[in-house]
Amino acid sequence: MTDRLNVLIVASEVSPYAKTGGLADVTAALAIQLKKRGHDVRVILPYYASIRGKNLPLDSALESMCVRMGGNNEEWCKVLHMDTADDVPIYFVEHHAFFDRSGLYHDEAMHDYHDNPRRFSFLCRAALQYCMDAHFKPDIVHAHDWHTALLPAYLKVWFWDHEYLGHAASVLTVHNAAHQGVYPHSQYGYFGLGEQAFTPDRFESWGQVNILKGGIAYSDMVNTVSPGYAKEITTPHGGFGLAPYFTAKGDAFCGVLNGVDYANWCPELDATIPAKFSVKDMAGKAECKRALQKAFKLEVRDDVPIVGAIGRFVTQKGYHLVRGTIEELLWDVPMQFVILGSGDWENTSYFGMLPGRCPGRAGSYIGYSEEIAHLIEAGSDFFLMPSMFEPCGLNQLYSLRYGTLPIVHATGGLDDTVEQYDEQTGDGTGFKFHAPTPHALYNTVRWAVSTWHDRKPHMKMMMERAMQRDFSWEHAVHDYEALYQNAIQKKAEYDNYHS
Ligand code: ADP
């Protein structure tokens, strides 16, 4: 193994404590894998009201901690601690005014909390304060998305010569470049970084503060979550305005494909599904299909394929393409459709009413349910992911392991991980379309369904191949170790240059 490192992971989401999407799965799994590799990894996240409700066996790590923010603001908080079953120490920052609320980022009406920049800048400063007060000397401080992107800036602006923080190298993982944390300049003073950091090459963006942009500038290494998406965000369209800043990082910017937590997502071990199965014995998959049909009040039959979908209802996920085609598909093609998701009004109302319009052929569950997610992965024949862009995507990786062939828009991590079906040879692990249009989606779903009906040997080959593809964290963690070593080297070069 490489040198044993002290790693501090700070994130707004860590599974299973707080999760709205893949970020939570990644931070949790990465921490476990780093621990297995012998590193001293510690994870810090907010003590949200939803976590308080779980009644975890917590002890107090720091009874009372003072965190100094800009504008002479002092915040007092407590740091709670527990070890996970995998022996990873998790630290929760308890600050009632900031985190004791129903949502992570927004209220029930989906309105962002107006003080999000304060909440998350405080989280960053509190995480570093914890290191100082607890005498933890991180070699790596690993930030995730805009919520913790101030960490690299704090390290370089304030703590460059601090006994505990001065030698820490910073890594910023961008899980989604569309969310940048852009706020009026009036919010900036609270961060306590000083106007010298409010320049166009750092935090300033058209007069506003762009937190992710500043984080990119100050980080020793920046990565995103697939090589394909790393390329995409250096293009004007894909980078959401940040392409020049990603490009400017040169070899301090790269893509590392996320891993999958196969302990949680694997049909041989999955305790939540009605019957387990494996590439050697697929009988259980047919049972899962029947259970899925019953659960969603579909006709119980094995002579039509089920196309499943799971995801957050936001424009990024491309469900407007499905809305434009699914009823036509269900009329034209012998198939069934199920969807699990929650989010915006358009998708919630459309998919909520779809089963009423296509009884027996379409089912939906509007809400969040890990258990139903597992059932859809296990019981479907195809998994539809029409994302407009997708930094990595986890559900297509889960689908591959469950022999549920992905039908995806060829973008970012979806393009990197799904191999196109070849009608001549039967090669491939799924079906891809290149134009993000209802027409392309219609044709590709139709192509997949007709393959299911007419080319059973090819389907069998593809399912077996898909189930044997390995996207485990064992690979990804080596890439992160290499990335951490690069960050340490970049930090040394930076220190030399500035000494
Ligand atoms: P993103 O992080 O953009 O949401 P990913 O594909 O990387 O997309 O990860 C999504 C994760 O969230 C997966 O683990 C998926 O199963 C889960 N998920 C999303 N919506 C739901 C839902 N309504 N119910 C259960 N799990 C969900």
Side-chain angles (χ1 to χ4, degrees), residues 11-30 50 104-105 110 144-147 173-179 224-226 228-229 232-233 240 255-266 270 272-273 292 295-296 308-319 322 338-344 347-348 351-352 363-380 383-402 404 406-409 411-418 430 471 473 476:
S12 57
E13 297 185 28
V14 180
S15 186
Y17 313 105
K19 172 169 168 176
T20 67
L23 165 65
D25 292 342
V26 172
T27 50
L30 176 61
S50 53
L104 270 53
Y105 313 120
M110 302 294 285
H144 295 267
D145 279 347
W146 77 261
H147 309 92
T173 299
V174 179
H175 297 257
N176 193 329
H179 305 301
T224 182
V225 288
S226 69
Y229 189 61
E232 266 174 43
I233 59 177
F240 294 93
V256 175
L257 194 69
N258 282 337
V260 173
D261 175 10
Y262 286 128
N264 193 23
W265 291 97
C266 142
D270 195 331
T272 69
I273 56 177
L292 178 64
F296 279 86
I310 304 167
R312 294 180 293 121
F313 288 163
V314 291
T315 312
Q316 178 203 331
K317 297 295 174 184
Y319 292 120
V322 183
V338 292
I339 186 162
L340 161 67
S342 61
D344 62 30
N347 286 303
T348 303
F351 290 117
S364 66
Y365 182 96
I366 308 302
Y368 190 93
S369 165
E370 290 276 339
E371 204 180 328
I372 297 175
H374 282 252
L375 184 60
I376 291 179
E377 291 292 2
S380 302
F383 190 87
L384 182 58
M385 233 168 139
S387 308
M388 296 287 97
F389 68 95
E390 194 56 77
C392 175
L394 290 172
N395 277 116
Q396 86 282 10
L397 301 179
Y398 304 153
S399 304
L400 289 168
R401 181 46 71 104
Y402 284 77
T404 301
I407 303 171
V408 302
H409 174 215
T411 180
L414 298 178
D415 199 22
D416 283 352
T417 55
V418 178
F471 294 100
W473 266 104

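All ligand and atom numbering here is 1-based and tracks the order in the structure. We use all heavy atoms of the structure for the numbers below, so side chains are in, but hydrogens, waters and symmetry mates are not.
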Ring pair (Phe, Tyr, Trp, His ring centres under 6.0 Å) between Phe313 and Tyr319, worked out:
CA-CA 7 Å; Phe313 288 163; Tyr319 292 120; 5.5 Å; yes
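- With respect to Val225, the side chain to side chain contact (heavy atoms under 4.5 Å, CB included) criterion is satisfied by exactly one of Leu23, Val256, Thr173: Thr173.
- A distance of 10.5 Å separates CG of Leu375 from OH of Tyr402, quoted to the nearest 0.5 Å.
- Among protein heavy atoms, atom 4 (O) of ligand 1 sits closest to Arg312 NE, 2.7 Å.
- Contacts between Lys317 and ligand 1 below 4.0 angstrom, taking non-hydrogen atoms only, involve the side chain exclusively.
- Taking the side chain to side chain donor-acceptor pair (under 3.5 Å) definition, one finds that Thr27 meets it with nothing, sequence neighbours left out.
- Taking only nitrogen or oxygen atoms, main chain and side chain alike, Ser369 reaches within less than 3.5 Å of ligand 1.
- Between Glu370 and ligand 1, no pair of N/O atoms sits closer than 3.5 Å.
- Between the side chains of Asp270 and His374, at least one donor N or O sits under 3.5 Å from an acceptor N or O.
- Residue-ligand proximity: Gly311 is placed with a non-hydrogen atom under 4.0 Å from ligand 1.
- Within the 4.0 Å heavy-atom cutoff, Tyr365 does not count among the residues contacting ligand 1.
- An N or O contact shorter than 3.5 Å links Asn395 to ligand 1 by distance.
- Taking the six-membered ring for Trp and the full ring otherwise, Phe389 and Phe240 have centroids separated by under 6.0 Å.
- Residue Gly367 approaches ligand 1 through these ligand atoms, each under 4.0 Å from one of its heavy atoms: 22 (C), 23 (N).
- Using cut-offs of 30° and 60° for the angle between ring planes, the Trp265 and Tyr398 rings count as parallel.
- Shown in contact with Gly393 at under 4.0 Å from a heavy atom are these atoms of ligand 1, numbered in order with element: 6 (O), 7 (O).
- Of the N or O atoms in Gly22, one or more lie within a sub-3.5 Å distance of an N or O in ligand 1.
- Using a 4.0 Å cut-off between heavy atoms, Asp25 contacts ligand 1 through its side chain alone, with no backbone atom that close.
- Considering backbone and side-chain N/O atoms, Leu340 never comes within less than 3.5 Å of an N/O atom of ligand 1.
- Atom 5 (P) of ligand 1 has Leu394 N, 3.7 Å as its closest protein atom, hydrogens excluded (heavy atom only).
- For His147 and Tyr105, the ring centers sit closer than 6.0 Å to each other.
- Under a 4.0 Å N-O distance rule, the pair Lys317/Glu390 qualifies as a salt bridge.
- For atom 27 (C) of ligand 1, the nearest protein heavy atom (residue, atom name, distance) is Tyr368 CE1, 3.4 Å.
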Stepwise side chain to side chain donor-acceptor pair (under 3.5 Å) check, Thr417 with Gln396:
CA-CA 8 Å; Thr417 55; Gln396 86 282 10; 3.1 Å; yes
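- Counting heavy atoms closer than 4.0 Å to ligand 1, residue Pro391 contributes nothing at all.
- Backbone and side-chain nitrogen or oxygen atoms of Lys19 are examined, and one is located within less than 3.5 angstrom of a nitrogen or oxygen of ligand 1.
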